[in-house]
S.K.: 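A single structure is presented below for examination.
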Amino acid sequence: MAITFEKALGIHDDAIALRSKRAEVIANNIANADTPNFQARDIDFKSVLQGVQGAQQNQAPLKMVNTNAAHKDAVINPDYASELLFRTPTQPSVDGNTVDVQEEMARYTENALGYQASFDFLNRKFKGITSAIKGD
């Protein structure tokens with residue numbers, strides 16, 4: 001039985017890629033905190049990851065159909081765009097902006113901690129694979 005990287009690493013490589021994209025979206029929200037009528041967005045990490053897990057278990061993958069070639073030039077990968085949601089503000093702004101900088105910073109920090117956890121897990125997996133190959 002062959003061991004593949006997908007089986008050996010699990011979903012953590014996908015989690016790192018998704019958390020990286022989520023960091024871009026949250027950073028974009030923070031950068032546009034003073035832009036009138038800007039709507040804060042976020043990725044629903046849990047549902048995207050469930051879609052990735054479903055694809056790994058031979059269920060229907062979570063993909064979007066690109067109707068225009070320019071769609072791939074966006075900040076977010078079109079595969080995750082179905083999970084890119086608008087955030088409901090806790091306190092509406094007079095200028096229509098829905099970004100709460102403190103909330104965005106907290107989400108960014110939480111996302112960074114999750115990224116680091118997945119990265120550390122992958123690092124340990126690679127060290128284990130290397131040790132197994134060397135026979136240590």
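Values in this document were obtained by computation on a predicted structure and should not be read as measured data. Just so it is clear, the values below take in all heavy atoms, side chains as well, and ignore hydrogens, waters and symmetry mates.
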S.K.: Would you check if the side chain of Asn37 reaches a backbone N or O of Thr98 as a donor-acceptor pair within less than 3.5 Å?
M.R.: no
S.K.: Which heavy atom of Tyr108 sits nearest a heavy atom of Ala23, and at what distance?
M.R.: CE1-O, 3.5 Å
S.K.: How close do Asp42 and Arg87 get, counting heavy atoms only, and between which atoms?
M.R.: OD2-NH2, 2.6 Å
S.K.: side-chain hydrogen bond (donor to acceptor under 3.5 Å, both in side chains) with Asp34: which residues, sequence neighbours excluded?
M.R.: none
S.K.: To the nearest 0.5 Å, what is the distance between CG on Asp100 and CE on Met105?
M.R.: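 CE of Met105 is found 11.5 Å from CG of Asp100.
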S.K.: Ignoring hydrogens, what is the shortest heavy-atom contact between Ala33 and Asn97? Give both atom names and the distance.
M.R.: O-ND2, 3.0 Å
S.K.: With hydrophobic residues grouped by side-chain heavy-atom distances under 4.5 Å, do Leu18 and Val25 end up in a single group?
M.R.: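 In one cluster: yes.
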S.K.: Please say yes or no: joined through hydrophobic side-chain contacts below 4.5 Å, possibly via intermediate residues, are Phe126 and Phe119 part of one cluster?
M.R.: yes
S.K.: Is the NZ or CZ atom of Arg19 both under 6.0 Å from the centre of the six-membered ring of Tyr115 and within 45° of that ring's axis?
M.R.: no
S.K.: How long is the span from the CG atom in Asn32 to the CZ atom in Arg41, to the nearest 0.5 Å?
M.R.: 12.0 Å
S.K.: Which value, rounded to the nearest 0.5 Å, describes the distance between Ile133 atom CD1 and Ile129 atom CD1?
M.R.: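 Reported to 0.5 Å precision, the distance equals 7.0 Å.
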S.K.: Look at the side chain of Gln39 and the backbone N and O of Val99, then say whether any donor-acceptor pair between them is shorter than 3.5 Å.
M.R.: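 Not at all, since once roles are kept as given, no pair shorter than 3.5 Å links the two residues.
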S.K.: Indicate if Ile26 and Val101 have the same hydrophobic cluster label, given that clusters are the connected sets of ILVMFWY residues with side-chain heavy-atom separations under 4.5 angstrom.
M.R.: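 Shared cluster, yes.
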S.K.: Verify whether one side chain among Asn28 and Glu24 offers a donor that lies under 3.5 Å from an acceptor in the other.
M.R.: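 Asn28 vs Glu24: no donor-acceptor pair found between side chains.
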S.K.: Which distance, rounded to the nearest 0.5 Å, do you find between the CZ of Arg107 and the CD1 of Ile43?
M.R.: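 The CZ atom of Arg107 sits 12.5 Å away from the CD1 atom of Ile43.
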S.K.: Which residue pairs pass the ring-ring contact (aromatic ring centres under 6.0 Å, His included) test with at least one member in residues 12-33, sequence neighbours excluded?
M.R.: His12-Phe121
S.K.: Taking all atoms of both residues into account, what is the closest heavy-atom pair of Asn29 and Ala40, and its distance?
M.R.: OD1-CA, 3.6 Å
S.K.: Atom CZ of residue position Phe38 - does it have more than 12 heavy atoms of other residues, nucleotides or ligands inside 6.0 Å?
M.R.: yes
S.K.: Could you measure the distance from the CD1 atom of Ile30 to the CD atom of Glu103? Nearest 0.5 Å is fine.
M.R.: 11.0 Å
S.K.: Can you sort out the partners of Lys127 under side chain to side chain contact (heavy atoms under 4.5 Å, CB included), two or more places apart, ordered by chain and number?
M.R.: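 Checked Lys127 against side chain to side chain contact (heavy atoms under 4.5 Å, CB included); matches are Asn123.
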